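Down below is the structure, laid out as structure tokens.
The basis for the numbers below is simple: all heavy atoms, side chains too, and nothing from hydrogens, waters or symmetry mates. Every chain is numbered from 1, with letters handed out A, B, ... down the list of sequences. Just so we're clear, the structure is a prediction, and the values are computed from it rather than from any experiment.
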Number of protein chains: 2
Amino acid sequence: MSLQQQPAKEQRRTRQRAAVDEVLEETEDFISAQDLHAALRSRGMSVGLATVYRTLQTLADNGQVDVLHTSSGEAAYRRCARDEHHHHLVCRSCKATVEVAGPAVERWTRSVAKEHGYVDVAHTLEIFGLCPRCAAQA
Amino acid sequence: MSLQQQPAKEQRRTRQRAAVDEVLEETEDFISAQDLHAALRSRGMSVGLATVYRTLQTLADNGQVDVLHTSSGEAAYRRCARDEHHHHLVCRSCKATVEVAGPAVERWTRSVAKEHGYVDVAHTLEIFGLCPRCAAQA
DNA sequence: ATGAAGAGTGACAACCATTGTCAAAATGAT
DNA sequence: ATCATTTTGACAATGGTTGTCACTCTTCAT
Ligand SMILES: [Zn+2]
Ligand SMILES: [Zn+2]
Ligand SMILES: [Zn+2]
Ligand SMILES: [Zn+2]
């Protein structure tokens, strides 16, 4: 999501990071740090909460996971399929996520910024709704 | 007999709400609940912090102010000029804000959602950058 | 104007996601 | 193995936001 990312600083391979990676790999939807921590515990792969936060922070800084800020302000993380810049269509109810790219939108944001003389521009864009399955119920 | 309630639930006119309204009216940029509370105190118009939060919450629910979630997760509020749906180009440094509308973007989000069968759709879109003035310095 | 009904207030506690601390443990290079 | 450096984790601390609840203020019918 972010346009810029730090040159990945050296990191050591630890049991904890492998565990976080594993859960991220197997998790299709966005997941919060707290929930990831709980998921680890329930799998017997106990990792300190602070470590989970730090690991996710680093992954996000390196652009290896996408970050989504929920309406409640909680941050959620997801290992996305595509590596290039993109956005998300997220189910408000079950969190089912679709990755979407919109070149036109990218052009539009750049042109708007330029038009007003803003530089060093970035943007956030998320689409929320009810996925077909959740819409079918109710 | 009593009248039925309108979409906007009935509200009483109180000194506190008038005070919050006044500050919002005179504030050009997005402002957080905490900062608004401080601004009120410094003007001698003391209002309880909880009341400031509740008032802003209600204004936001009624669409009378726009809400922006900063990167730090803090919520900021702003009384915008236009009443119709729009987005914001915000200076990362001084918070200078430009209201922008993008019909094409609106169409795009709707089409993307429809394409994947998502309904009851909404979206968030904010553009961040450095305004001309802030860019001039540094 | 008066009083009842209940919406609104505020000082304070509680909540909770996130970050800071720092001694102990783990890692990678020598 | 040894050492310098990084990482960890239990716990404390932070900070924005919400919950509590007795008291106050608006509103409205009388
Ligand atoms: Zn769903
Ligand atoms: Zn984009
Ligand atoms: Zn600026
Ligand atoms: Zn829009």
What is the distance, rounded to the nearest whole Å, between atom [atom1] of [X] and atom [atom2] of [N]?
X	N	atom1	atom2	value
A:F30	C:dA17	CZ	P	18 Å
B:Q11	D:dC25	CD	C1'	15 Å
B:L56	C:dG10	CG	P	13 Å
B:L59	C:dG8	CG	P	12 Å
A:E74	D:dT18	CD	P	14 Å
A:Q57	C:dT18	CD	P	10 Å
B:L40	C:dG10	CG	P	10 Å
A:H69	C:dT18	NE2	C1'	11 Å

Counting only heavy atoms and a strict 4.0 angstrom limit, can you tell me which residues of residues 41-53 of chain A come near DNA chain D?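 Those residues are A:V47, A:G48, A:A50, A:T51.
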Please check if atom CD in B:E28 has more than 12 non-hydrogen atoms from other residues, nucleotides or ligands closer than 6.0 Å. no
I want to verify a distance call: between [options], whose nearest atom is closest to the [X] side chain?
X	options	result
A:R17	D:dT20, D:dT8, C:dT27	D:dT8
A:A33	C:dT18, C:dT27, D:dG16	C:dT18
B:Q16	D:dT27, C:dT19, C:dT9	C:dT9
A:R12	C:dA7, C:dG28, D:dT17	C:dG28

Pair of N/O donor and acceptor under 3.5 Å linking C:dG8 base with B:R15 side chain: no
Measure distances between side-chain N and O atoms of A:R54 and base N and O atoms of D:dT7, and say whether any donor-acceptor pair falls under 3.5 Å.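 Result: no qualifying N/O pair found.
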pair A:K95-A:R78: side-chain heavy atoms closer than 4.5 Å: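 A:K95 does not reach A:R78 side chain to side chain.
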Under 4.5 Å between any side-chain heavy atoms of B:V112 and A:H87, yes or no?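 No; the side chains remain at least 4.5 Å from each other.
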If we ignore hydrogens and angles and just use 3.5 Å, is the side chain of A:Q16 paired with the main-chain N or O of A:T51 as donor and acceptor? no
